[in-house]
Amino acid sequence: ETDPHRILCTTRDCGVSFATAITHVMEGVLDLKPVMTLEQELREFHAYHQALNSTHFSLLPSEDFQGLDEYIEYLRNEVNIA
């Protein structure tokens, strides 16, 4: 039988570890090569799944966006992250 308290503690530990790691990644602390911008990564992701004819998920986060360019423009101009 699984102890619910132990599951909760493990899940919290994983969340804290991930949050700590993602900060370093987002700030570029790791200095990994090759580095690509969010726009480049989104375009490569989009092209890859278009080439595979992926249909099991939407390539855009919302039907509000007419295409990838509009989504990237939103990220750049509205959210200021791209």
Side-chain angles (χ1 to χ4, degrees):
E1 205 171 301
T2 304
D3 178 11
H5 180 71
R6 187 170 178 172
I7 292 173
L8 179 62
C9 289
T10 301
T11 304
R12 283 183 179 155
D13 289 345
C14 289
V16 169
S17 178
F18 179 80
T20 302
I22 197 70
T23 300
H24 296 300
V25 172
M26 296 301 289
E27 291 175 351
V29 172
L30 300 178
D31 197 31
L32 300 175
K33 303 291 182 205
V35 176
M36 69 174 64
T37 65
L38 178 58
E39 180 177 349
Q40 291 168 323
E41 188 168 352
L42 286 170
R43 290 191 185 283
E44 285 191 25
F45 176 85
H46 201 84
Y48 175 79
H49 283 283
Q50 281 184 321
L52 290 178
N53 293 317
S54 295
T55 58
H56 60 285
F57 67 96
S58 176
L59 292 175
L60 297 171
S62 169
E63 293 177 3
D64 294 336
F65 300 108
Q66 299 300 311
L68 182 59
D69 289 332
E70 186 176 331
Y71 178 52
I72 290 171
E73 181 180 319
Y74 165 78
L75 292 174
R76 182 180 296 122
N77 298 325
E78 301 293 323
V79 185
N80 298 318
I81 63 170

Apply salt bridge (charged side-chain N to carboxylate O under 4.0 Å, His left out) to residues Arg76 and Asp69 and explain how you reach the verdict. CA-CA 10 Å; Arg76 182 180 296 122; Asp69 289 332; over 6 Å; no

Quick one: does any side-chain atom of Ser54 pair with a main-chain N or O of Gln50 as donor and acceptor, under 3.5 Å? no

Give a yes or no on whether the backbone of Leu75 and the side-chain of Glu78 come within a donor-acceptor separation of less than 3.5 Å. no

What donor-acceptor contacts under 3.5 angstrom involve side-chain atoms of residues 59-68, with partners at least two apart or in another chain?
{"from": "Ser62", "atom 1": "OG", "to": "Asp64", "atom 2": "N", "distance (Å)": "3.0"}
{"from": "Ser62", "atom 1": "OG", "to": "Asp64", "atom 2": "OD2", "distance (Å)": "3.2"}

Check this for me: Glu41, atom CD, are more than 12 non-hydrogen atoms of other residues, nucleotides or ligands nearer than 6.0 Å? no

Same cluster or not: Val79 versus Ile72, using hydrophobic residues (I, L, V, M, F, W, Y) connected whenever any side-chain heavy atoms lie under 4.5 Å apart? yes

Ring-plane angle category for Phe45 and Phe57, please: parallel below 30°, perpendicular beyond 60°, tilted otherwise. tilted

CD/Glu39 to CD/Glu73 distance, rounded to the nearest 0.5 angstrom? 11.0 Å

Can you list, pair by pair, the side-chain donor-acceptor contacts under 3.5 Å of residues 4-13, counting residues two or more places apart and other chains?
{"from": "Thr10", "atom 1": "OG1", "to": "Arg6", "atom 2": "O", "distance (Å)": "2.9"}
{"from": "Thr11", "atom 1": "OG1", "to": "Ile7", "atom 2": "O", "distance (Å)": "2.8"}

